[in-house]
Amino acid sequence: MRIALIVERFESGGGGLEHAAWLTAHALAEAGESVTVVARRAERSHQVAVVELPVSTLWQPARVLRFAGRAAAWIADARRGGRIDLAHAWSRVPGADVFHTGEGSHWHYMRRSYGERGARWRRASPRHAAQLRLERRIFAEPGLHVQCVSALVERELAERFRLPRERLHRVPYGVDLARFAPGDGSERRTLGSELDPACPSDAPRFLLAGSGWRRKGLDTALRALAGMTTSRARLWVAGRDDRRPWQRLAARLGVATRVRFLGPRRDLDRVYRAVDALLLPTRYDAFGMVCLEAAASGLPSALSATAGAAELLSGAAVVIDDPEDAAGFSRALDRLCDPAARKPLGERGRVIASENDWRQQTERLRALYARVPGSVT
């Protein structure tokens, strides 16, 4: 099948969605499909063709709308010319056959991230207005098939846009089982002494991984750390954001010496093997790839129910309904300080991850493509 995969940025070292698009494009190519990536900015690859559609990046709302317009025109032209069989949009681009919901519903993202009141006044912001406008247009297209990365997103789209269930397909992200695997303890020793030299080797370590720390619930995480029954536990924070306000909050809560800010990491596979559990009290994540990566690494998680991966990881995580419930997360972390409590959760997580590697995700996508009228299989 000749597949066009549409995404604003196509980079092996990009963020969650961009990295997933890179892995998916290559997995499809390895499965024998002909893949063309259409992007605003792209890293070259010998396995897939790349078409760049550069647009001005000076103002984010205009950039989003211009890329959407140029990409939609490219899809229409390629379809008329018989150059593609199917277009799969990973960014908010109209005119595709399949739309990927890796960022979820922007309306629900706003409500959960900012609350009802905050979401209402942010609708006037050009940044959010552009995303909402595109979202309404895309989901109004007749015949569109939607790749839902989680049951959470599937429910949101059915509720908000009244999309028929037969056009909603649950295809979660995959995970690299070779890269993300349980360790033998060596990373715990080496990274522990390198990144947190004052931390006793047997002290419980929790990891919050991801950028945009307000949405990821770092404030809840710090309050949960402060409320634990033990003062020995440590929190490592990996990702990109301004750490200064969070350092001030940690100091006010009396946990500044127990928190390490690691910055962006290209070696999260090693970091997972150096900690005891993942902590993600996110206010909204359509999926949360770090959850599945941690599970593949044999780690249990303490997650909010507003992480799309929480339902997939049932039996491998402690799930807290409310991402603001710091006391609930404190109890979860206290529980996960016990190796006997962590072991069965970690083992179950590895089993779930083994059922969701990139090969299986690719086969699920190909089955979805086969249901699109006019596709070639």
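Here the structure is a predicted model, which is why all the values come from computation and not from measurement.
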Measure the spacing between CZ of Arg70 and CZ of Arg66 and express it to the nearest 0.5 Å.
11.0 Å
Applying the 4.5 Å side-chain criterion to the ILVMFWY set and letting contacts propagate, would Val93 and Leu17 be lumped into a single cluster?
no
Check whether Phe10 and Ile84 end up in the same hydrophobic cluster, where Ile, Leu, Val, Met, Phe, Trp and Tyr are linked by side-chain heavy atoms less than 4.5 Å apart.
no
If you measure only the distance, is there a donor-acceptor pair under 3.5 Å linking the side chains of Trp358 and Asp176?
no
Partner of Glu154 under salt bridge (charged side-chain N to carboxylate O under 4.0 Å, His left out), chosen from Arg167, Arg170, Arg160:
Arg170
Can you list the steps and then say if Arg232 with Asp202 is a salt bridge (Lys or Arg N to Asp or Glu O under 4.0 Å)?
CA-CA 9 Å; Arg232 299 180 71 247; Asp202 61 344; 2.7 Å; yes
Only distances under 3.5 Å count here; give the side-chain donor-acceptor pairs of residues 283-293 to other protein atoms, sequence neighbours excluded, each with its distance to 0.1 Å.
residue	atom	partner	partner atom	Å
Arg283	NE	Glu324	OE2	2.8
Arg283	NH1	Arg214	O	2.5
Arg283	NH1	Asp219	OD1	3.2
Arg283	NH2	Asp219	OD1	3.2
Arg283	NH2	Asp219	OD2	2.8
Arg283	NH2	Glu324	OE1	2.9
Tyr284	OH	Ser105	N	3.2
Tyr284	OH	Glu156	OE1	2.8
Asp285	OD1	Arg215	NH1	3.3
Asp285	OD1	Lys216	NZ	3.0
Asp285	OD2	Lys216	NZ	3.0
Asp285	OD2	Thr282	OG1	2.8
Glu293	OE1	Tyr272	OH	2.7

Contact between Leu336 and Pro204 at the side-chain level, heavy atoms closer than 4.5 Å - yes or no?
no
What I want to check is whether the side chains of Asp334 and Thr229 have a donor and an acceptor closer together than 3.5 Å.
yes
On a heavy-atom basis, which atom in Ala302 and which in Leu333 lie closest, and how many Å separate them?
CB-CD2, 4.4 Å
Kindly say whether Met110 contributes a backbone atom to a donor-acceptor pair with the side chain of Ser113 at under 3.5 angstrom?
no
Using the test side-chain hydrogen bond (donor to acceptor under 3.5 Å, both in side chains), find all partners of Glu18 that sit at least two apart in sequence or belong to another chain.
Arg9
Main-chain N/O of Phe99 paired to Gln147 side chain as donor or acceptor, under 3.5 Å:
no
Under 4.0 Å between a side-chain nitrogen and a carboxylate oxygen: does that hold for Arg44 and Glu52?
yes
Atom pair CG/CH2 of Leu262 and Trp236 - distance to nearest 0.5 Å:
6.5 Å
Take Ile3 and Asp85 through the side chain to side chain contact (heavy atoms under 4.5 Å, CB included) test and state the conclusion after the steps.
CA-CA 6 Å; Ile3 300 164; Asp85 301 310; over 6 Å; no
For His128, is there any backbone N or O sitting under 3.5 Å from a side-chain donor or acceptor partner on Arg133?
no
Is a salt bridge present between Glu103 and Arg92, judged by a nitrogen-to-oxygen distance below 4.0 Å?
yes
Do Val50 and Thr36 have side chains that approach each other closer than 4.5 Å (heavy atoms only, starting at C-beta)?
no
With sequence neighbours left out, write down each residue that passes side chain to side chain contact (heavy atoms under 4.5 Å, CB included) with Ser45, or none if nothing qualifies.
Trp22, His26, Gln47, Val48
Test your reading of the model: is there a side-chain donor-acceptor pair from Glu141 to the backbone of Gly95, 3.5 Å cut-off?
yes
Measure from the ring center of Tyr369 to the ring center of His88 and say whether it is less than 6.0 Å.
yes
With no hydrogens and no angle check, do the side chains of Glu8 and Ser91 hold a donor and an acceptor under 3.5 Å apart?
no
Arg260 side chain to Leu195 backbone, donor-acceptor under 3.5 Å:
yes
May I ask whether Leu207 and Leu235 are part of the same hydrophobic cluster, defined by side-chain heavy atoms of I, L, V, M, F, W, Y residues being less than 4.5 angstrom apart, directly or through others?
no
Cation-pi geometry met for Arg122 and Tyr114 (6.0 Å, 45°):
yes
Ring centroids only, cut at 6.0 angstrom: are Phe261 and Trp213 within range, meaning strictly under it?
yes
Salt bridge or not for Asp276 and Arg205, using N-O below 4.0 Å?
no
Same cluster or not: are Val35 and Ile75 linked, directly or through other Ile, Leu, Val, Met, Phe, Trp or Tyr residues, by side-chain heavy atoms under 4.5 angstrom apart?
no
Thr24 side chain to Ala21 backbone, donor-acceptor under 3.5 Å:
no
What I want to find out is whether Asp267 reaches Arg270 closely enough, with some N-O distance under 4.0 Å, to be called a salt bridge.
yes
Mind checking the CG-CG spacing from Leu312 to Asn356? Nearest 0.5 Å is all I need.
5.0 Å
Rounded to the nearest 0.5 Å, the CD1 atom of Ile320 sits from the CG atom of Leu280 at a distance of 12.5 Å
Pair Arg189 + Asp184: basic N to acidic O under 4.0 Å
no
Please examine the side chains of Leu65 and Leu134, heavy atoms only from C-beta on, and report whether any two atoms are closer than 4.5 Å.
yes
Between the side chains of Asp77 and Arg80, is the shortest nitrogen-to-carboxylate-oxygen separation below 4.0 Å, so that they form an ion pair?
yes
Flag side-chain contact, heavy atom, 4.5 Å: Leu253 against Arg223
yes
Would you call Glu363 and Arg366 a salt bridge, taking side-chain N to carboxylate O under 4.0 Å as the test?
yes
So, does Arg258 use its side chain to make a donor-acceptor pair with the main chain of Ala233 at under 3.5 Å?
yes
Ignoring hydrogens and angles, tell me if any N or O in the side chain of Ser304 forms a donor-acceptor pair with the backbone of Pro323 under 3.5 Å.
no
Side-chain contact, heavy-atom cut-off 4.5 Å: Val37 with Val7?
yes
Nearest non-hydrogen partners of Ala307 and Leu152, listed with the distance:
C-CD2, 4.4 Å
Rounding to 0.5 Å, atoms CZ (Arg155) and CG (Leu168) come to a distance of 12.5 Å
Beyond-backbone contact of Arg359 with Thr362, side-chain heavy atoms, under 4.5 angstrom:
no
Rounded to the nearest 0.5 Å, the CG atom of Leu279 sits from the OG atom of Ser301 at a distance of 9.0 Å
Within a 6.0 Å radius of atom CZ on Arg137, are there more than 12 heavy atoms belonging to other residues, nucleotides or ligands?
no
Is the CG atom of Asp321 crowded by more than 12 outside heavy atoms at less than 6.0 Å?
no
Heavy-atom side-chain contact between Pro300 and Glu347 under 4.5 Å:
no
So, does Arg234 use its side chain to make a donor-acceptor pair with the main chain of Thr257 at under 3.5 Å?
yes
Indicate the ring-plane relationship of His100 and Tyr173, choosing parallel, tilted or perpendicular according to the 30° and 60° boundaries.
tilted
Considering all heavy atoms of both residues, which atom of Phe161 and which atom of Arg136 are nearest to each other, and what is their separation?
CE2-CA, 4.4 Å
Are Phe329 and Val237 joined in one hydrophobic group, where the rule is that I, L, V, M, F, W and Y side chains link up if heavy atoms are under 4.5 Å apart?
yes
Between Ser150 (side chain) and Val153 (backbone), is there a donor-acceptor pair under 3.5 Å?
yes
Min side-chain heavy-atom separation Leu132-Arg123 under 4.5 Å:
yes
